[in-house]
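All remarks here apply to the structure that follows.
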Amino acid sequence: LGYDSEDTVLLPIEAYTMNGGIVYMKINTFLDDYNLMAQVYQRYIQNMIDNDAPAVILDLRQNSGGSGGLALDFAAYFFDEEIELSRNAYYNYNTGAFEFNDYTRTLEPAPLYWEGPIALLVSSDCVSACEGFSNAMSYNPNVTIFGHTPSAGAYGEVGRGQYTMPGDLSMQFPTGRPETLDGDLLIEGVGVVPDEIVPVTEESALGQVDAVLEAAYNYLFDLLY
């Protein structure tokens, strides 16, 4: 079942321990109360450290994004050094070219650090800040990404593209072009591509099995045991 952002009963983060001690954590959104999410998330990470969790599955398949800053803050718990990730370019009509601003998106280590094998689950419903989290996690050599498909491929910076329309309608569109430090377009139109693309079967299409979760769990279990 997917995450319903209108369901006020569900918590934004859920976690439990699977067989073999592997932790399953589902991050449903990055659009919720920052303090609530940060406290719950850090508590989970601390528990993983205290109990020597051997591996973790991070499920972001139903995460439609939210705060890009919060997403990177969460990813930072799996890094012990600063990493420069990307920068945004904006079109200059006077020069007819894209120009970079002075801000480089950087991931800085969090107060806690968890080191171990990670399986990250993505889907086409992983959008925006979810894709930023997933891209950042791909810099960690302990991370293997699983999914039937890449993420949505919708990562353009929309902060300057918010418009209110008549009839209580609103719209947004990208005004910033995210690029790697090497000048390549980042995520937009392509998505975060899984390392392990899990085939869609009749059973998985009908929801009778969770083939992506099974593939990730089996990978980690075989790696550990």
Side-chain angles (χ1 to χ4, degrees), residues 1-16 23-46 56-79 85-88 103 105-108 110-112 118 120-140 143 145-147 149-165 168-178 186-192 194 212-213:
L1 296 178
Y3 175 74
D4 183 356
S5 60
E6 301 299 323
D7 190 338
T8 57
V9 176
L10 287 176
L11 288 173
I13 309 172
E14 307 165 87
Y16 61 86
V23 173
Y24 170 85
M25 184 187 301
K26 185 179 182 186
I27 305 175
N28 292 309
T29 183
F30 290 116
L31 186 63
D32 208 309
D33 181 86
Y34 188 102
N35 290 329
L36 167 67
M37 292 194 65
Q39 290 177 23
V40 172
Y41 186 74
Q42 183 159 310
R43 176 66 178 270
Y44 281 136
I45 299 296
Q46 186 67 66
V56 63
I57 296 172
L58 300 176
D59 190 347
L60 282 88
R61 288 176 292 174
Q62 300 297 323
N63 187 315
S64 59
S67 168
L70 178 61
L72 290 188
D73 287 347
F74 276 24
Y77 282 81
F78 302 103
F79 292 83
L85 297 171
S86 63
R87 55 185 180 172
N88 282 327
Y103 172 72
R105 182 155 295 210
T106 302
L107 184 148
E108 298 181 0
L112 301 176
I118 302 166
L120 175 64
L121 314 187
V122 301
S123 76
S124 58
D125 291 326
C126 173
V127 187
S128 188
C130 176
E131 300 182 89
F133 175 91
S134 302
N135 174 69
M137 292 295 290
S138 71
Y139 284 76
N140 186 329
V143 172
I145 302 175
F146 292 80
T149 67
S151 61
Y155 193 58
E157 196 276 309
V158 297
R160 306 178 190 181
Q162 305 289 330
Y163 297 92
T164 300
M165 309 293 289
D168 294 326
L169 298 176
S170 63
M171 67 176 293
Q172 69 177 19
F173 56 81
T175 54
R177 174 188 173 98
L186 180 65
I187 298 176
E188 190 73 13
V190 177
V192 177
V212 175
L213 178 57

Donor-acceptor pairs under 3.5 angstrom involving side-chain atoms of residues 33-40: please list them, not counting sequence neighbours.
residue, atom, partner, partner atom, Å
Asp33, OD2, Asn35, N, 3.2
Asp33, OD2, Leu36, N, 2.7
Tyr34, OH, Asp73, OD2, 2.3

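Atom CG of residue Leu186 and atom CD of residue Glu131 lie 9.0 Å apart, to the nearest 0.5 angstrom. For the atom pair Leu11 CG and Thr29 OG1, the distance stands at 12.5 Å (nearest 0.5 Å). The CE atom of Met25 lies 10.0 Å from the CG atom of Leu60; values are rounded to the nearest 0.5 Å. To the nearest 0.5 Å, atom SG of residue Cys126 and atom CG of residue Leu120 are 7.5 Å apart. Atoms CZ and OG, on Arg61 and Ser124 in that order, are 11.5 Å from each other to the nearest 0.5 Å. One distance of note links CG of Leu121 with CD1 of Ile145; it measures 10.0 Å at 0.5 Å rounding.
Evaluation of the ring pair (Phe, Tyr, Trp, His ring centres under 6.0 Å) rule for Tyr44 yields no partner, not counting sequence neighbours. Annotation: side chain to side chain donor-acceptor pair (under 3.5 Å) contacts of Asn135 (sequence neighbours excluded): none. Residues satisfying the ring pair (Phe, Tyr, Trp, His ring centres under 6.0 Å) criterion with Phe30, sequence neighbours excluded, are Phe74, Phe133. Phe146 pairs by the ring pair (Phe, Tyr, Trp, His ring centres under 6.0 Å) definition with Tyr219, not counting sequence neighbours.
Nearest heavy-atom pair across Leu72 and Gly132 is CD2-O, 4.0 Å. The two residues Glu157 and Arg160 have their closest heavy-atom pair at OE2-N, 4.0 Å. Between Pro111 and Gln42 the shortest heavy-atom distance is CG-OE1, 4.3 Å. The two atoms that bring Gly147 and Pro194 nearest to each other are N-CB, 3.7 Å, heavy atoms only. Summarising the geometry of Ala75 relative to Ala136, their closest heavy-atom pair is CB-CB, 4.2 Å, with the distance given to 0.1 Å. Among all heavy-atom pairs drawn from Asn28 and Ile13, the shortest one is ND2-N, 4.4 Å.
Applying the side chain to side chain donor-acceptor pair (under 3.5 Å) rule to pairs touching residues 168-177 yields Gln162-Gln172, Arg177-Glu179, sequence neighbours excluded.
Of the candidates Val56, Ile118, Leu58, Val23 forms a side-chain contact (heavy atoms from CB on, under 4.5 Å) with just one, namely Val56.
Asp59 has its side chain out of reach of Glu14: every pair of non-hydrogen atoms, C-beta onward, lies at least 4.5 Å apart. When side chains are defined from C-beta on, Pro178 counts as touching Asn88, because their heavy atoms get closer than 4.5 Å.
The ring of Tyr41 has its center closer than 6.0 angstrom to the ring center of Tyr77.
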(message) Does Ser151 form a side chain to side chain contact (heavy atoms under 4.5 Å, CB included) with Cys130? I'd like the steps, not just the answer.
(response) CA-CA 9 Å; Ser151 61; Cys130 176; over 6 Å; no
